[in-house]
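So that the names make sense, note that chain A is the first sequence line, chain B the second, and so on, each numbered from 1. Atoms considered below: every heavy atom in the structure, side chains included; atoms not considered: hydrogens, waters and symmetry mates. Quick caveat: nothing in here was measured; it's all calculated off a predicted structure.
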Protein chains: 2
Amino acid sequence: MQCVDSSQLLKGVLDVAVLAVLHERDSYGYDVVRRLREAGLEDVGDASVYGTLRRLFRAGSLTSYVVASDEGPHRKYYGLNSVGRAQLAASATTWTAFAATMNDLLKEVHA
Amino acid sequence: MQCVDSSQLLKGVLDVAVLAVLHERDSYGYDVVRRLREAGLEDVGDASVYGTLRRLFRAGSLTSYVVASDEGPHRKYYGLNSVGRAQLAASATTWTAFAATMNDLLKEVHA
DNA sequence: GCCGCTAGTGCGCATTGCACAGTACCGTGC
DNA sequence: GCACGGTACTGTGCAATGCGCACTAGCGGC
């Protein structure tokens, strides 16, 4: 019944978004969520991000190391490896092409 | 295991794409598939489009009428009603904002 | 001690795109 | 007449993925 809500838009794009954030610098789940929200993806669920990180790690696109913190529980940092960087590049290209196609389709709507 | 494939990108966007195509003019399933493919969405599955049309119709965003054809089976035409037009407008806006956010995120990747 | 923030895990659900099979109409070629 | 390919739609079941929710746990402030 709902119009396109971002939760559906995120499908298949959250991977790229997460990879993009990690491309900037290594990070841990809680922080990735914060950065994505700051970037404008305000309603990403935390569970989605944690899930995505685990999935990408399992797929071999990310490295992982645990760092203790003074201000709370340990942090599980993730970082891109070569596979992840390649995946990010490929996905970014795919996304750009796809977005262009969609903009084309919607162009006439605004007319 | 796969990089962002269009099937996941389509999630939540096929609705808008279909609405956009119908905005141009009334159409039937088989034709919508053809037009989407011509527009650049080359690997949309036909079942997805038929499913989307049925879903949108059930949701009250589309009108439907059957037209006989000389060159094959009857055609079930769909068209936008006011609900559908509103949904298209809203979804298009959401998409545009979302795409802008994503482009922003990916901007640094290309650097 | 309790609360709230930080940080992570696991479970189960809903949505949705798709493959696949099946039905059926039509014209062409044999 | 019949097989075949293109047109056109339906239904079933699957897989991917984002999310809500519950839970664990460390930390500091009241």
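Side-chain proximity of A:A47 to the nucleotides C:dA7, D:dC21, D:dC9 is greatest for D:dC21. The side chain of A:Y28 sits closest to C:dG8 out of D:dT10, C:dG8, D:dC9. Residue B:R34 places its side chain closer to D:dA8 than to any other of C:dA7, D:dA8, C:dG17. Closest contact between the side chain of B:K11 and the listed nucleotides D:dT10, C:dG17, C:dG8 involves C:dG17. When the nucleotides C:dA7, D:dT7, C:dG17 are ranked by their closest atom to the side chain of B:L14, C:dG17 comes out on top. Closest contact between the side chain of A:P73 and the listed nucleotides D:dC19, C:dG8, D:dA25 involves D:dA25. When distances run from any side-chain atom of A:Y30 to the nucleotides D:dG11, C:dA7, C:dT9, the shortest one goes to C:dA7.
Taking CG of A:L105 as the start and CG of B:L19 as the end, the distance is 11.0 Å to the nearest 0.5 Å. For the atom pair CZ (A:R54) and CZ (A:R58), the distance works out to 8.5 Å, reported to the nearest 0.5 Å. Residue A:Y28 holds its OH atom at 14.0 Å from OG of A:S64, rounded to the nearest 0.5 Å.
A:L56 has its CG atom 15 Å from the P atom of D:dA16, to the nearest Å. Between B:R54 atom CZ and C:dT15 atom P the separation is 17 Å, expressed in whole Å. Rounded to whole angstrom, the span from the CG atom of B:D15 across to the C1' atom of C:dT16 amounts to 9 Å. Atom CD in B:E42 sits about 17 Å away from atom C1' in C:dC18, given to the nearest Å. The separation between A:H74 atom NE2 and D:dA25 atom C1' is 8 Å, rounded to whole Å. With rounding to whole Å, A:L9 atom CG is found 11 Å from D:dC19 atom P. The CZ-P distance, from A:R37 to C:dC5, rounds to 14 Å in whole Å. To the nearest angstrom, P of C:dG10 lies 15 Å from CG of A:D46.
Remark: A:K76 is in phosphate contact with C:dT9, judged by side-chain N or O atoms under 4.0 Å from OP1 or OP2. Dashed line: the shortest gap from a side-chain N or O of A:R55 to OP1 or OP2 of D:dG18 is under 4.0 Å. When the side-chain nitrogen and oxygen atoms of B:Y50 are compared with OP1 and OP2 of D:dC9, one or more of them lie within a distance under 4.0 Å. Distances shorter than 4.0 Å separate some side-chain N or O of B:T52 from OP1 or OP2 on C:dG17.
Under the 3.5 Å distance criterion, with hydrogens and angles disregarded, a donor-acceptor pair is assigned to the side chains of B:D26 and B:Y65.
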Checklist line | side-chain contact (heavy atoms from CB on, under 4.5 Å) assessment of B:L53 paired with B:L22 | finding: CA-CA 10 Å; B:L53 285 169; B:L22 291 182; 4.0 Å; yes
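The aromatic rings of B:F98 and A:W95 stand perpendicular to each other, their planes meeting at an angle above 60°, with 30° marking the opposite boundary.
Toward the 5′ end of DNA chain D lies the nearest nucleotide of B:G72, the other residue of the pair B:G72 and A:G72 mapping further downstream. Both A:G45 and B:Y77 lie close to DNA chain D; mapped to their nearest nucleotides by heavy-atom distance, the more 5′-ward contact belongs to B:Y77. Take the nearest nucleotide of DNA chain C for A:R75 and for B:S48: the residue whose nucleotide is more 5' is A:R75.
A:D70 comes within 4.0 angstrom of sugar-phosphate atoms only, judged by non-hydrogen atoms across all strands, and of no base.
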